[in-house]
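Each chain gets a letter, A, B and so on, in the order the sequences are listed, and its residues count up from 1.
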Amino acid sequence: MSTEAAHDRPNGLDVLRQEREKKLALMQEHGIQPFRSMADSPVPLREAHAWLLREEEQHILEHRKKEDEHSQDTEVLTVAGRVMQLRDQGKSCFIHLEDFSDRLQVWFRKDILGEEPFEIVKLLDLGDIIAVTGTVMRTRRGEPTLLAAELHPLVKSLLPLPEKYHGLQDREMRYRKRYLDLVSDPESRHLFVLRSRIVRAVRTLLDERKFFEMETPVLQAIPGGGEAKPFTTHWNALHQDVYLRIATELHLKRLLVGGFERVYEIGRVFRNEGLSTRHNPEFTTLEVYQAYASFTDMMQLCEDIIVAAAHAAWPLSSQSYWVPEEVREAIQSCTDVARTLVTMTHQQHGYPRDTLRAIATLTSSLVSDLEHVRTTVGRHVEQHGHHPVVALDRALRNARRHASLLHHATESLFEWAVLNRLQSIDIPEEDAAPGVLPVAPREIAVEAAAILDVLEEMESDAEQDPLMRLATADGPPINLHPPFRRASMADLIQEATGINALAEWGQLERHVRALGGTPEPGAEQGELFFQLYEEHVEPNIIDPTFVTHYPTVVSPLALRCMDDDRFTERFELVVNGRELANAFTELNDPRDQRERFNEQMRRRERGNEEAHRIDEDFLEALEIGMPPAGGMGMGIDRLIMLLTESPAIRDVLLFPMMRQSPGDHAATAEE
RNA sequence: GCCCCUAUAGCUCAUCGGUAGAGCAGCUGACUUUUAAUCAGUUGAGGCAGGUUCGAUUCCUGCUGGGGGCACCA
């Protein structure tokens, strides 16, 4: 992979790689064999945290008095993960281990681990993947920590990770080397969890409604179903050019002919076009077809899909605000109690003052954590211009940590009370904060545990109403609460411009000009009508709106309205000025379809490469007879952009299409 | 396809045309409860090709990659 020049004069990266290879060799001299399989499955780090809490609860509830008894039966756990931070202190070393579920501190001590294994610790680098066996405990500062008894390096990372605090900032690198982005940025990882959940939610909803998921060919002899230039490839065995599909439409409709009444496909389609924040040459579409249904049925389905997807992505936020009221109240009362207790200890002897102090500070930290989490969304977007998952992650991690420490401290207080045979601590009335009654240490402990439980359950994505999304960093909020607005294009034009286009049909060119537009020469009335919509209505639509009744001239695949053949039974769902879905009552008249194909052919002959080609087989299918049907297409990537507040399609694609970089050329040339 | 912005060390950022600085990571040393650990020392760099200039990372041109906007679309 390295170029010749790099061998002559090693660059900084080569030096770093060599350094790590040296350590790898040293490890192997100690009998370590990295890059091997692992004998037992490790415990996920999140479970290690939970295990510690359960263990502590047990400890306190059983009123254990002998400390040594506690340490004897502490269970030994094996965890595994990537080394993300390293704090070496000579004869002791702290690291942070991260797996998909969580992050856990691990403490290596020379006296516990032993001389030789501790030398292995010294050979660890950021990015290494290791397994550690030990017992879970808490450090003096209260951080849950695995005290290591054994270390098993699993993988030696030979290249440095991006900077530990700022992460990978270079957008190009984030797209090209997504694995680095994912390793170093929990936000990025999280976004693709959301993507997965959203797609799953769409499938689940359609499955529940008895739609069959179908897989139609990607390689096609005649790419059809949309207006786009296809990618061309070659089938060697048959000496025949084939194309990558540009839509799934025509094959799904063949299935309607074949007797399937409800089908859908979530599939990758390919269009030989440029790149932009909204376009990637390959992208994912949902296409749904339902026999004996019309575009109004599709409207309802479309709305249901979006709402279901939003809820699936942000599952815990059905309440308008993510911190449950009772948690806030519990924290408030804990704060009051703790403050009172602290003032009391100034006057009275015998109270565990440090514990009380800790409770007081921790509760107030927790309150501010939660405030922080609440305001984080707006502030983060404002400052960084992108969605706030990572900031939330951090804020929430702090909140969890403080709640965990609070839990710890309140249990110490409870333990102290048990030892001193105190059911409750009496508070002189003059010291009590308003509304504070005699304190039962047990109750504080239980409350703290409850707070922690709730926080533990919470995902960082639960910060807000799932149906309120932000358009852009400084843009308006988008309200996805159903029902979505439904309005005909004519009404929307009248609303925006005051023009009654239906009544003034024939004078639209004048109106287009009057409003600053430039009509295409020879444009039909329907096209002028559509131009008014595109220029004066669509960009201003923020909240989801079903725009219905498109002019026939711009809707070659849709059925005409029965009562007015200038318009079709079609809608597009527009959100934030962009088209998110497109649906109509499908054209099923083979004669009409043939005529429209012929028109497309004439356009091709005039040089429009994107015009449809005639698909004789599809026409034959229609001649067999396709039931009346509603059909809808939806851009899945755009749906995900909307729900995750991502400004660019590349942010929601794991591996967006990138131009070959010069480095890639060199690598290819060597092969 | 057009317009604007951008490229400095493995990563994140500095540097009125005059010897290229820092933090993290790395390396050497100290440190057995650290939290972006700390302390002392230390290695390492201006995308490529031209031009202007006594002198260019800095100014200009071209190329290449990237970002943003327009156009096209989903």
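- Contacts of A:M173 with the nucleic acid, taken as non-hydrogen atoms under 4.0 Å apart, involve only primed sugar atoms and P, OP1 or OP2.
- Pair check for B:U38 finds B:A30; Watson-Crick or G-U wobble, both atom distances under 3.5 Å.
- Across the C1' atoms, B:U42 and B:A22 are found 15 Å apart, a figure rounded to whole Å.
- The partner of B:A9 cannot be assigned: no Watson-Crick or G-U wobble pair with both contacts below 3.5 Å exists in any strand.
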Only distances under 3.5 Å count here; give the side-chain donor-acceptor pairs of residues 115-124 of chain A to other protein atoms, sequence neighbours excluded, each with its distance to 0.1 Å.
{"from": "A:E119", "atom 1": "OE1", "to": "A:H30", "atom 2": "NE2", "distance (Å)": "3.3"}
{"from": "A:K122", "atom 1": "NZ", "to": "A:D88", "atom 2": "OD1", "distance (Å)": "3.0"}
{"from": "A:K122", "atom 1": "NZ", "to": "A:D88", "atom 2": "OD2", "distance (Å)": "3.0"}
{"from": "A:K122", "atom 1": "NZ", "to": "A:G90", "atom 2": "O", "distance (Å)": "2.8"}

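- Looking at residues two or more places apart in sequence or on another chain, you find a side-chain contact (heavy atoms from CB on, under 4.5 Å) between A:P162 and A:L168, A:L180, A:S184.
- Taking atom CD of residue A:E163 and atom C1' of nucleotide B:G23, one finds them 7 Å apart after rounding to whole Å.
- A cation-pi contact, defined as under 6.0 Å to the ring centre and within 45° of the axis, links A:R613 to A:Y243.
- A salt bridge links A:E249 with A:K253: the closest approach of a Lys/Arg side-chain nitrogen to an acidic carboxylate oxygen falls below 4.0 angstrom.
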For residues 531-543 of chain A, dump all side-chain donor-acceptor pairs below 3.5 Å to protein atoms at least two apart in sequence or in another chain.
{"from": "A:Q531", "atom 1": "NE2", "to": "A:T518", "atom 2": "O", "distance (Å)": "3.1"}
{"from": "A:Q531", "atom 1": "NE2", "to": "A:E535", "atom 2": "OE2", "distance (Å)": "3.1"}
{"from": "A:N540", "atom 1": "ND2", "to": "A:H536", "atom 2": "O", "distance (Å)": "3.3"}
{"from": "A:D543", "atom 1": "OD1", "to": "A:N479", "atom 2": "N", "distance (Å)": "2.8"}

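- For A:H49 (side chain) and A:R103 (main-chain N/O), a donor-acceptor pair under 3.5 Å exists by modelled atom type.
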Output one line per pair: protein atom, nucleotide atom from nucleotides 67-71 of chain B, and distance, for all N/O pairs under 3.5 Å.
{"from": "B:G67", "atom 1": "OP1", "to": "A:R650", "atom 2": "NH1", "distance (Å)": "2.1"}
{"from": "B:G67", "atom 1": "OP2", "to": "A:R650", "atom 2": "NH1", "distance (Å)": "3.1"}
{"from": "B:G69", "atom 1": "OP2", "to": "A:T277", "atom 2": "OG1", "distance (Å)": "3.3"}

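- Both distances falling under 3.5 Å, in either a Watson-Crick or a G-U wobble arrangement, place B:C59 opposite B:G51.
- For the P atoms, the distance from B:U28 to B:G18 is 38 Å, rounded to whole Å.
- The residue among A:L126 and A:F283 whose nearest nucleotide of RNA chain B lies closer to the 5′ end is A:L126.
- In this structure, the ring of A:F295 has its center no less than 6.0 angstrom from the ring center of A:F584.
- When the P atom is compared between B:G44 and B:G21, the two are found 13 Å apart, to the nearest whole Å.
- Under the Watson-Crick or G-U wobble criterion, with both distances below 3.5 Å, B:U19 is left unpaired in every strand shown.
- Rounded to whole Å, the separation between the P atoms of B:C24 and B:C39 comes to 8 Å.
- Nucleotides B:G69 and B:U19 have their P atoms positioned 40 Å apart, rounded to a whole Å.
- The existence of a salt bridge linking A:R195 and A:D637 is confirmed by a sub-4.0 Å separation between a basic side-chain nitrogen and an acidic carboxylate oxygen.
- A residue-by-residue look at A:K122 and A:Q105 shows that A:K122 has its nearest nucleotide of RNA chain B further toward the 5' end.
- Set against B:G66, B:U33, B:U12, the side chain of A:W107 has B:U33 as its closest nucleotide.
- Residue pairs meeting the salt bridge (charged side-chain N to carboxylate O under 4.0 Å, His left out) criterion with at least one partner in residues 271-289 of chain A, sequence neighbours excluded, are A:R268-A:E282.
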Protein and nucleotides 37-39 of chain B: nitrogen or oxygen contacts under 3.5 angstrom:
{"from": "B:A37", "atom 1": "OP1", "to": "A:K164", "atom 2": "NZ", "distance (Å)": "2.4"}
{"from": "B:A37", "atom 1": "OP2", "to": "A:Q85", "atom 2": "OE1", "distance (Å)": "2.1"}
{"from": "B:A37", "atom 1": "OP2", "to": "A:R87", "atom 2": "NH1", "distance (Å)": "2.8"}
{"from": "B:A37", "atom 1": "N6", "to": "A:D88", "atom 2": "O", "distance (Å)": "2.9"}

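- Taking atom C1' on both B:C63 and B:G26, the two are 35 Å apart, rounded to the nearest angstrom.
- If you measure from atom CD1 of A:I112 to atom P of B:U32, you get 14 Å, rounded to the nearest angstrom.
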| request: Show the numbers, then the answer: is there a side-chain contact (heavy atoms from CB on, under 4.5 Å) between A:H612 and A:R596? | output: CA-CA 9 Å; A:H612 294 243; A:R596 296 195 196 195; over 6 Å; no
Go through the steps for A:H166 and A:Q169 under the test side chain to side chain donor-acceptor pair (under 3.5 Å), then give the verdict.
CA-CA 7 Å; A:H166 297 94; A:Q169 296 295 318; over 6 Å; no
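- Proximity of A:R20 to the phosphate of B:G26: no side-chain N or O atom is located under 4.0 Å from OP1 or OP2.
- Checking B:C27, B:A25, B:A74 against the side-chain heavy atoms of A:E19 singles out B:C27 as nearest.
- Following rounding to the nearest Å, A:E115 (CD) and B:U32 (P) show an atom-to-atom distance of 13 Å.
- Closest to the side chain of A:E579, out of B:C11, B:U34, B:A74, is B:A74.
- Taking the P atom of each, B:G50 and B:C11 are spaced 26 Å apart, rounded to whole Å.
- Within 4.0 Å of A:K23, counting heavy atoms only, lie sugar-phosphate atoms of the nucleic acid but no base atom.
- The NE2-C1' distance, from A:H166 to B:G10, rounds to 16 Å in whole Å.
- When heavy atoms are screened at a 4.0 angstrom cut-off, A:G167 is found touching the sugar-phosphate backbone but no base atom.
- Rounded to an integer number of Å, the gap from NZ of A:K177 to C1' of B:C11 is 14 Å.
- Atoms CG (A:D170) and C1' (B:G46) sit 15 Å apart, rounded to a whole Å.
- Remark: P of B:C11 and CG of A:L13 are 8 Å apart, rounded to the nearest angstrom.
- Across the protein-nucleic acid pair, A:D14 atom CG and B:G44 atom C1' stand 12 Å apart, rounded to whole Å.
- Here, B:A20 and B:G68 have their P atoms 34 Å apart, quoted to the whole Å.
- Under the Watson-Crick or G-U wobble criterion, with both distances below 3.5 Å, B:A71 has no partner in any strand shown.
- With its glycosidic angle within 90° of 0, B:G46 adopts the syn conformation.
- In this structure, A:N272 reaches neither bases nor backbone, as no heavy-atom distance under 4.0 Å exists between it and the strands shown.
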Q: Evaluate the side chain to side chain donor-acceptor pair (under 3.5 Å) criterion for residues A:R570 and A:S555: first the C-alpha distance (whole Å), next the side-chain angles of each, then the deciding distance (0.1 Å), finally the verdict.
A: CA-CA 8 Å; A:R570 173 181 177 192; A:S555 310; 2.8 Å; yes
